[in-house]
Amino acid sequence: MATEGTNLSGYNKALLPNGEKFRVGIVVSQWNEDITSSLYKGAFDTLLDLGVKPVNIIKWEVPGSFELIYGCKKMQEQMVNAVIAIGSVIQGETKHFDFVCDAVAQGIKDLNVNRETPVIFCVLTDNNKQQSIDRSGGKHGNKGVEAAVAAVQMADLRMKA
Ligand SMILES: Nc1c(NC[C@H](O)[C@H](O)[C@H](O)CO)[nH]c(=O)[nH]c1=O
Ligand SMILES: CC(=O)[C@@H](O)COP(=O)(O)O
């Protein structure tokens, strides 16, 4: 199902684990900062709503989405239960978009495969700015909210597994 017709901000708190015991690291790209700051706010506010304590949310910034790979790798070493990677990649004139998106997706996949701390993929890969706006607090909701819910669920899974 595409994002169209769903809402990225919808969740049922009663069906989710309590986040009070979790520490969550969030690595945020500075490219398209208007978009990534909205994604971060959605994630931060949702983590608090799910019981994560403010002192247990660690935020780092990196230059661009490509650097999320390295930033998340180092965040995994910070004794956190989950990591959220936040970025916004928007198609330009060249194939650079394809290489950045593929590299980041593969790099974050590798961090999940090769290490124990789950890394949540909260990277928008949009054809244009309006699609990014629609998915970071616009008509389709906020992917940062979706990412925070996934982070708490995966932290809980890791603790049980
Ligand atoms: N065009 C976008 C970029 N490009 C920058 C790269 O992510 C990287 O920082 C650079 O190639 C140096 O290694 N990054 C985004 O996050 N979003 C874009 O739209
Ligand atoms: C995703 C990118 O790197 C892209 O926005 C850069 O734009 P361009 O392809 O026009 O150089």
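In listed order, ligands and their atoms are each counted from 1.
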Nearest heavy-atom neighbours spanning [X] and [Y]:
X	Y	result
D126	F97	O-CE1, 3.5 Å
A82	A155	CB-CB, 4.2 Å
A85	I108	CB-CD1, 3.5 Å
C101	V89	SG-CG1, 3.7 Å

Would you mind checking which non-hydrogen protein atom is closest to [atom], with the distance to 0.1 Å?
atom	result
atom 17 (N) of ligand 1	S88 O, 2.8 Å
atom 19 (O) of ligand 1	I90 N, 3.1 Å
atom 8 (C) of ligand 1	E67 OE1, 3.5 Å
atom 16 (O) of ligand 1	S65 OG, 2.7 Å

Taking distance alone, with no angle check, do P63 and ligand 1 share an N/O pair under 3.5 Å? no
Would a single hydrophobic cluster contain both I57 and I84, if residues Ile, Leu, Val, Met, Phe, Trp and Tyr are joined by side-chain heavy-atom contacts under 4.5 Å?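 Per the 4.5 Å side-chain linkage, I84 and I57 are co-clustered.
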Quiz item: Is it true that the side chains of D134 and Q130 contain a donor and an acceptor less than 3.5 Å apart?
Solution: yes
Should the pair K59 and F44 be classed as cation-pi, given the thresholds of under 6.0 Å to the six-membered ring centre and 45° from the axis? no
When you look at CD of E77, are more than 12 heavy atoms from neighbouring residues, nucleotides or ligands closer to it than 6.0 Å?
yes
When you measure from the heavy atoms of H96 to every atom of ligand 1, does any distance fall below 4.0 Å?
yes
Filtering W31, F99, Y70, F66 for the heavy atom nearest atom 7 (O) of ligand 1 leaves F66
Which is it for S29 and ligand 1 at heavy atoms under 4.0 Å: side chain, backbone, both or neither?
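Contact part for S29 vs ligand 1: side chain (C-beta onward).
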The complete set of side chain to side chain donor-acceptor pair (under 3.5 Å) pairs with one or both residues in residues 139-152, sequence neighbours excluded, reads E4-H140, K143-E146
Report task. Take Q153 and L16 through the side chain to side chain contact (heavy atoms under 4.5 Å, CB included) test and state the conclusion after the steps. Result -> CA-CA 7 Å; Q153 289 178 297; L16 296 172; 3.6 Å; yes
Discussion item. For a quick check: using heavy atoms under 4.0 Å, what are the residues in contact with ligand 2, sorted by chain and number?
Written reply: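 Ligand 2 is contacted, at a heavy-atom distance under 4.0 Å, by V89, I90, G92, E93, T94, H96, F97.
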